[in-house]
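The next block holds one structure in the form of structure tokens; read it before the comments.
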Amino acid sequence: MTLPTRIKRFSVLDRLSHVFLILTFLLQTATGFSRLYVTTVWGKKVNTLFGGYDTSLVIHEWTGMVMMVGFVLHSIYLLTRVDWRAPVKSIFGPDSLVPNLTDARQFGQRLRWFFGLGPLPGFNRWSYWEKFDYWAVYWGLPLLAVTGVMLMYPLSTSRFLPGWSLNIAALLHRAEAILAVTYIFIVHFFIGHLRPSSFPMNEAMFSGSVPMEEAIEEKPAWVQRLKEEGKLESARSAAPSLWYRRLYFMFGYAALIFGVYMLINGIMHARQISLH
Amino acid sequence: MSRISGTLKIAILAAILAAGAIMLLPPPAAAQEEVASAIRRYKDREASTGYYEEFEVRPRRGRPFVEVPGVRAGVFPYSPSAAQVRNRYRLADSHMGIAFYKEKTCQTCHPEQAKDIHTVRANLTCRQCHGGEPIASIQYFNSPMNPVRKHAYICAKCHEGASASFASYIVHEPAAGSAKARTGFPVLYYAYWFMLVLLVGTLAFFIPHSLLVGLRELFNKKRTTNNDAADAH
């Protein structure tokens, strides 16, 4: 039996969700920053691009609603992924993104590996930082959604909560947005593009599959498990076609350049604005 | 007979269901109450019309002594001579007797108050909220800015239907991380520090983490890794 040269890592739905998140997130960054920085020259320019102070807010609000729908659909999808006959095993199992004790242990191993004191941890399907990546979005999105809706309907909100909660909502919305933007545009982009083992681009999330050597090197326990469960053959996957690779390389780099542009300008102009 | 008891049963069931449905409703939040009067409570919307009875405009129980907001109130919080000191927090004209007031702009004397969203982003002028001369102190009992009627007299001019709860939004919020916010607006203060610690903590963890991964991989590229698969079980 020959080993497959590529195995499947992400389903079409996973990849579509990722592209959906990229597009909406970048749009929210652009419209949100353009309003946050509207008192600076740069912010005004970006703001004009989106039709000015009021129109950019309309775009921001609608995109936010689309994201919320996406979040709800994704959560329903998550529930369907749990094996309800053995929920505990499947929620804390190796295919799940829920953190477990193995992650803590592997983080310890990782620390030792940094300084050459031990081997690379044999990651299973998800490593601890991939899990963090996922949960950072999963908790950030509802926080932004709730505070965003509060600011969208301040009068209705003040019927249920005291009006000063709007001060808090505005602060949390901005702070969480800045946290998400810095994390994605620094850490996530570094891991996805600049890390030596994935430079120039980690293609897994776009092509949906990874080369076998890469999987063995990075996720040995996962490959091992697929082998033991006899699932390796069904995970066999074809290499992405050339046009498709071209497409997602352009897309990925456009997103990277855009993100870095936003981040650098944001940092450059940070002193000229206040959070409120 | 049995038919009557049947309808009765349905009626009782419906009553129970209705009672249950009412129980499920959220209790009225403080926000839904009208702060105007200790005697009568107006509905949310009515309050926005700006109609108030005369007695509400006077200070409650007409205390004879001047108070400073936030300072402990009592029967004799001040000595009689202290009570004669002009307290700018309760004046009909808060700028009474201030020299060169006419020659200056609001921002020169109140730089902190010129940093709010309404001024910086929405380009409002101070007077669109604080009104023409004389500018009363916020707590002055006839001031349109007085918290009992601020929503109707000020906010509702632009935010149609503004309620008293809405007007408890702090227009000139203190800088979120400052000591002033800590005493004046603790929720804002702690929300700010929580988010800041989260931001700094996340970046302080993941930036070195990513860099170390990158560096290590750069020097390790050629070396084979020890794939101890059994380790992960």
Side-chain angles (χ1 to χ4, degrees), chain A residues 35 38-39 53 94 102 105-106 109-111 113-116 118-124 129 132 136 154-155 157-168 170-172 174-176 178-179 182-183 186-187 190-191 194-197 216-218 220-225 273-276, chain B residues 26 29-32 44 115-117 120-122 151 155 159-171 173 175-177 185 187-188 191-192 194-196 198-199 202-203 205-221 224-233:
Chain A
R35 278 178 65 88
V38 75
T39 48
Y53 196 62
T102 317
R105 210 158 39 79
Q106 286 177 341
Q109 280 175 322
R110 169 70 96 178
L111 281 186
W113 171 82
F114 279 153
F115 305 104
L120 195 63
F123 289 118
N124 213 306
W129 81 83
F132 183 88
L155 287 166
T157 303
S158 67
R159 292 177 73 88
F160 300 104
L161 293 169
W164 52 259
S165 60
L166 294 168
N167 291 79
I168 312 291
L171 175 82
L172 288 180
R174 278 154 216 183
E176 176 59 36
I178 289 170
L179 172 59
T182 43
Y183 181 81
I186 297 178
V187 179
F190 181 87
I191 296 278
L194 289 181
R195 217 181 121 196
S197 69
I216 290 179
E217 192 176 316
E218 301 226 325
W222 178 49
V223 178
Q224 184 69 21
R225 190 161 54 84
I273 58 148
S274 67
L275 269 186
H276 50 87
Chain B
Q32 285 168 307
D44 213 18
K115 290 179 185 162
D116 58 317
I117 291 181
V120 174
R121 292 167 173 271
H151 58 292
C155 312
H159 301 279
E160 203 180 334
S163 63
S165 158
F166 178 75
S168 75
Y169 172 79
I170 311 291
V171 171
E173 58 179 9
F185 200 168
V187 188
L188 188 76
Y192 174 84
F194 175 75
M195 291 310 289
L196 192 70
L198 194 68
L199 173 71
T202 311
L203 294 183
F205 179 82
F206 276 100
I207 290 179
H209 179 271
S210 321
L211 282 180
L212 278 173
V213 172
L215 279 179
R216 193 79 172 90
E217 276 175 359
L218 206 60
F219 295 122
N220 227 24
K221 207 81 205 272
T224 47
T225 45
N226 185 348
N227 296 330
D228 192 358
D231 199 51
H233 285 291

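Letters A, B, ... are given to chains in the order of the sequence lines, protein chains preceding strands, and every chain is numbered from 1.
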Side chain to side chain donor-acceptor pair (under 3.5 Å) partners for A:Arg195, two or more places apart: A:Ser197, A:Glu218, B:Glu217
Proximity breakdown for B:Thr202 and chain A, heavy-atom pairs closer than 4.5 Å: side chain
B:Ala167, part contacting chain A, at a heavy-atom distance under 4.5 Å: neither
Exam field: side chain B:Arg216 to backbone A:Trp113, donor-acceptor pair closer than 3.5 Å: yes
Portion of A:Ile186 that has a non-hydrogen atom of chain B nearer than 4.5 angstrom: side chain
Best-contacting candidate, B:Val213, B:Leu211, B:Val187, against chain A by heavy atom pairs under 4.5 angstrom: B:Val213
Option that, when pairs with chain B are counted at under 4.5 Å, heavy atom only, ranks first among A:Leu166, A:Thr39, A:Ile191, A:Leu155: A:Leu155
Separation of B:Glu173 CD from B:Asp116 CG (nearest 0.5 Å): 8.5 Å
Partner set under side chain to side chain donor-acceptor pair (under 3.5 Å) for B:His209, not counting sequence neighbours: A:Tyr128
Structural part of B:Leu203 lying under 4.5 Å from a heavy atom of chain A: side chain
Contact leader toward chain B among A:Leu111, A:Ile168, A:Thr182, where contacts are heavy-atom pairs under 4.5 Å: A:Ile168
Shortest non-hydrogen contact from A:Pro154 toward B:Phe166: CB-CE1, 3.7 Å
Options A:Trp129, A:Phe115, A:Tyr53, A:Phe114, ranked by heavy-atom pairs under 4.5 Å with chain B, top entry: A:Phe114
Sub-6.0 Å ring centroid separation between A:Phe132 and B:Phe206: yes
